[in-house]
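Reviewing the structure listed below.
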Amino acid sequence: MKIRIMMIKDFDEIYTLWKEVGLKIADHKTEEEEVKKMITLNPMTNFVVCDGMKIIGTVFGIFNGRRAWIHHLAVHPAFQNMGIGSLLLKKVEQALKIVGAERVCLWVDKINLKVLFFYKKYGYREMKNAICLRKNL
Ligand SMILES: CC(C)(COP(=O)(O)OP(=O)(O)OC[C@H]1O[C@@H](n2cnc3c(N)ncnc32)[C@H](O)[C@@H]1OP(=O)(O)O)[C@@H](O)C(=O)NCCC(=O)NCCS
């Protein structure tokens, strides 16, 4: 098992992984364009875990200069509950700190509240005084 920096050429494999994991994702083209931009803007803070040649886990760490965000933390179902998600979380936090982030946020979908236990175990807390808003541009 090895953690390494994510590369744009990993995209097809990680898209398949996200479908197997059941992540709520956009279509192939949209995700591919976003992944290219995320890797280009944050080349040192996105990781994959490999079992041999096969990618079995992903995480993005995106720092915008003020806040950092974690996206698409995912571990292949056959490899869950073996500590890999915890390892990826630690790795991305360390990498974000190195590029200057002091605080990290993440988004948990309301249909995926079961992962709150996982994040809370590692010190993440719900924001009581903020509501997330969005708009399509
Ligand atoms: C969340 C996820 C990345 C965790 O990865 P993992 O490799 O299974 O995590 P770990 O093995 O490091 O587990 C760490 C702890 O969290 C717990 N845990 C992991 N997934 C959990 C879940 N879905 N619900 C409750 N607890 C969970 C484990 O039991 C373990 O606790 P323990 O050490 O006290 O037994 C993985 O479950 C996953 O890919 N889920 C689907 C994608 C997803 O929802 N991602 C989060 C998007 S916000």
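Order of listing sets the numbers, starting from 1, for every ligand and every atom in it.
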Take atom 38 (C) of ligand 1 and look for protein heavy atoms under 4.0 Å from it; say yes if you find one, no if not.
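Within 4.0 Å: yes, protein heavy atom nearby.
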
Under 4.0 Å and counting heavy atoms only, is there anything from the protein next to atom 35 (O) of ligand 1?
no

When only distance counts, is [X] in polar contact with ligand 1, meaning an N/O pair under 3.5 Å?
| X | value |
| --- | --- |
| Met82 | yes |
| Val21 | no |
| Phe117 | no |
| Trp107 | no |

Need the ligand 1 atom indices (1-based, order shown) with element for anything under 4.0 Å from a heavy-atom of Asn81.
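Numbered from 1, ligand 1 contributes 6 (P), 7 (O), 8 (O), 11 (O), 18 (N), 19 (C), 28 (C), 29 (O).
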
Can you pull out the closest protein heavy atom to atom 11 (O) of ligand 1? Residue, atom name and distance to 0.1 Å, please.
Gly83 N, 2.7 Å

Best match, [options]: closest heavy atom to [atom]:
| atom | options | value |
| --- | --- | --- |
| atom 4 (C) of ligand 1 | Phe118, Tyr122, Tyr119, Trp18 | Phe118 |
| atom 40 (N) of ligand 1 | Gln80, Lys120, Lys114 | Gln80 |
| atom 3 (C) of ligand 1 | Leu73, Val108, Ile56 | Leu73 |

Parallel, tilted or perpendicular: rings of His28 and Phe11 (30°, 60°):
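Rings of Phe11 and His28: perpendicular, as their planes differ by over 60°.
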
Residue portion contacting ligand 1 (non-hydrogen atoms closer than 4.0 Å) for Leu106:
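No part of Leu106 is near ligand 1 at this cut-off.
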
